[in-house]
Number of protein chains: 2
Amino acid sequence: MEKQSVTIYTVAREANVSMATVSRVVNGNQNVKPETRDKVLAVIKKLNYRPNAVARGLASKKTTTIGVVIPDITNDYFAELALGIDDIATMYKYNMILTNSDADGSSAIKVVQNLFAKQVDGVIFMGHDIEDQLQAEFSKATVPVVVAGSLTNDKNIPSVRIDYEQATKEAVSFLLKHGNKKVALLIGSRETTINKFNRIPGYKAALKQAHVKFNDSLVFEADDSYENGYKLAKQMVKKGITAAFVSDDSSAAGLLNGLTDSNVKVPEDFEIITGNDTKLATITRPTLTSITQPLYDVGAVAMRLLTKLMSNDNDDEEKQPVILQHGFEERQSTR
Amino acid sequence: MEKQSVTIYTVAREANVSMATVSRVVNGNQNVKPETRDKVLAVIKKLNYRPNAVARGLASKKTTTIGVVIPDITNDYFAELALGIDDIATMYKYNMILTNSDADGSSAIKVVQNLFAKQVDGVIFMGHDIEDQLQAEFSKATVPVVVAGSLTNDKNIPSVRIDYEQATKEAVSFLLKHGNKKVALLIGSRETTINKFNRIPGYKAALKQAHVKFNDSLVFEADDSYENGYKLAKQMVKKGITAAFVSDDSSAAGLLNGLTDSNVKVPEDFEIITGNDTKLATITRPTLTSITQPLYDVGAVAMRLLTKLMSNDNDDEEKQPVILQHGFEERQSTR
DNA sequence: ATGAAAGCGCTAACAT
DNA sequence: ATGTTAGCGCTTTCAT
């Protein structure tokens, strides 16, 4: 019950100084005589005093806590971004409140509002589905928000990511050059910004360059998951498709295994390129040819950007999207 | 700068009531005349008032935030536990501060102390390496701590898990029955409670039952990771080992691929059983025979237990470990 | 270099 | 049913 009974006041009395001095010592303020500092430090140690971060947050209006929204913590793509975020956050002494936006009955908006209510100093949002209402919430937020590993069409919401359009184009062009006539595109919802304005245009650009007509039925929408990829294998084969660019690695792994289990040989009869380059891409057999991207860095850079925004308050320069370089690695799922 | 300028006081004034009444409305206290409630609610909506959780936390000494320690967010085992934790936490209106204990320079103890400083209402600890000093920290904590997916040898620290000793024994016995003379055990550090007091004894029990002499050089220690498993493949083959029980799925997947890449056929020439039954076990080819366990439930039950402990204060009944049922699923990595 | 005192925004007795 | 008031534990002017 007597949670945290030793307060700054206890220390002050015990050390014969005012709370202000104790506060200064705790916060590393230089205006304290060395002897006083040592005396206070000794008492702090003796009493095992630990500052109450909640009280500190209320008084200073800074919680040294950020909010991180993640659609699915068990998806390697987001987990690897989160690792980068957390490492840098730790480095800057921030904690992160992590919330699954896919969780039971909690819309992303509620989740974000709750984060703001907890007075987080900033938010990193992961996920592709950023509806207008959510963007509005971000815009009127009093703390900075950074989107990691995706993007919105609101120019005022900074993001850290790769060039998804160009990456998609490269992958699809590669598949086309191998003589595949029917190249599928497997993505999440077509209505998300990343798919509507980046991946689908990239896909179309590749087709155009190869003088292949766009066929809408070759675009597959499915939530990112192994199971969904697996299920689509038969459908694709039935349609005469011989290659696919899959944005999510779990889906790509599912597709691969679905094909293999249907006795379709990869890469001989079907080529796959995946988009995220998580560990999964090298665990499957055959391994997955992939667009490569520095996932950890995307998270880490997003967090770095957030720290800047949290201190600068209003530097519009910082709102530019940060585009990291992507690459391409041929593995066993392409010829 | 004017972060959260509308406070409970603003609402009170605007609605011509006292802050206490507003507080009652916000907290769903029944002692408010319906008309008053409506009036206040209207003002809240109009002003878009959102209670400041930090102030609330300071005044009430409850933050509705729990701390969750995870060794590696990109390891499916922990990620799936975390998913269960988060779902139940959300259900009970708790947020979770997630901290990677493997992160740069942050020992588990510091991480936990920081969590307490943030006044979390409880902690769920994941990870196998729980040294004495950390256990001491848990014991003197003023808020409850639950270990999920592992255990300590301190009877006063509740845990939610499966019977690792029995599970290991079953797996190893299975391998022995298939005529394997040299069965390896691949685990993390032998000094962790889970390995020292559960898995190794389970391994030994199986050997004893089959009248096979324990050979210490068949026990391999390596941090859970795909790479470590992969590297060990050659060593194991060189030693004439023909089967292994691997506690972690990433390591098992690595071992499997390492063997395959060395032209050792699984399961014909080498059998593998893995211990965690994450999604990885069905993604590899061949798929991995596995001890099955309800990972999501382990997390979910741990969180449920924590909520009980957080409200009951001191019910010693609740400190009993919760042992969930495990199973065994034969897949393609055993004959 | 140090202290006094006023909050931060809320909850929780205690009155009425 | 509603209001008054005293904190919660700290930071931060403002004095000295």
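Given the structure is predicted, the values throughout are model-derived calculations rather than measurements. Atom set for the values below is all heavy atoms of this structure, side chains included, hydrogens, waters and symmetry mates excluded. Throughout, protein chains are lettered first and strands after them, A, B, ... in sequence-line order, and every chain is numbered starting at 1.
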Q: Could you check how far CG of L58(B) sits from P of dA12(C), rounded to whole Å?
A: 12 Å
Q) For N29(A) and dT12(D), what is the distance between atoms CG and P respectively, to the nearest whole Å? A) 10 Å
Q. CG/D154(A) to CG/L134(A) distance, rounded to the nearest 0.5 angstrom?
A. 10.5 Å
Q. If you find the nucleotide of DNA chain D closest to V22(A) and the one closest to T36(B), which residue's nucleotide is nearer the 5' end?
A. T36(B)
Q. For the pair made of CZ in R13(B) and P in dG9(C), what is the distance, rounded to whole Å?
A. 13 Å
Q) Has T21(A) got a side-chain N or O lying under 4.0 Å from the OP1 or OP2 atom of dG3(C)? A) yes
Q: Using the closest heavy atom to pick a nucleotide of DNA chain D for each, name whichever of A55(A) or N16(B) lands nearer the 5' end.
A: N16(B)
Q) Rounded to whole angstrom units, what separation is found between the CZ atom of R24(A) and the P atom of dC14(D)? A) 14 Å
**Q.** Whole-Å gap separating P (dG9(C)) and NZ (K62(A))
**A.** 13 Å
Q.
Within the 4.0 Å heavy-atom criterion, would you say V26(B) contacts the bases, only the backbone, or no part of the nucleic acid?
A. nothing
**Q.** Audit row: V54(B), K118(A), side chain to side chain contact (heavy atoms under 4.5 Å, CB included) steps and yes/no
**A.** CA-CA 6 Å; V54(B) 173; K118(A) 291 250 163 142; 6.0 Å; no
**Q.** Whether F138(A) and F125(A) hold their rings parallel, tilted or perpendicular, with breakpoints at 30° and 60°
**A.** perpendicular
Q) If you pin N31(A) and A59(B) to their nearest nucleotides in DNA chain C, which one's is more 5'? A) N31(A)
Q: Round to the nearest Å and state the distance from K39(B) atom NZ to dA1(D) atom C1'.
A: 12 Å
Q. Under 4.0 Å: is that the gap between some side-chain N or O of Y49(A) and OP1 or OP2 of dC10(D)?
A. yes
Q. Does the D121(A) side chain pair with the main chain of K62(A), one donor and one acceptor, at a distance under 3.5 Å?
A. no
Q.
How many whole angstroms separate atom CE of M19(B) from atom C1' of dT11(C)?
A. 8 Å
Q | Closest listed nucleotide, where the reference is the side chain of K61(B) and the choices are dA1(D), dG9(D), dC10(C) | A | dG9(D)
Q: Look at the side-chain N and O atoms of S23(B) and state whether any lies under 4.0 Å from the OP1 or OP2 oxygen of dC10(C).
A: no
Q. Nearest to the side chain of N27(B) - dT11(C), dC14(C), dG9(C)?
A. dT11(C)
Q) Closest to the A20(B) side chain: dG3(C), dA12(C), dC14(C)? A) dA12(C)
Q. Crowded around D223(A) CG? As in, over 12 foreign heavy atoms under 6.0 Å?
A. no
(Q) I'd like to know if the side chain of T63(B) and the backbone of Q119(B) have a donor-acceptor N/O pair within less than 3.5 Å. (A) yes
(Q) Using whole Å, what does the distance between atom P of nucleotide dA1(D) and atom CD of Q30(B) come to? (A) 9 Å
Q: Ignoring backbone atoms, test whether S18(A) places a side-chain nitrogen or oxygen under 4.0 Å from the OP1 or OP2 oxygen of dT2(C).
A: no
Q: Give the nucleotide from the list dG9(C), dC10(D), dA1(C) with an atom nearest to the side chain of R56(A).
A: dC10(D)
Q) Can you check whether N52(A) has a side-chain N or O nearer than 4.0 Å to OP1 or OP2 of dC8(D)? A) no
Q. Is any side-chain N or O of R50(B) under 3.5 Å from a base N or O of dG9(C), one able to act as donor and the other as acceptor?
A. no
Q: For the side chain of S60(B), starting at C-beta, report the closest nucleotide among dC10(D), dA12(C), dG9(C).
A: dA12(C)
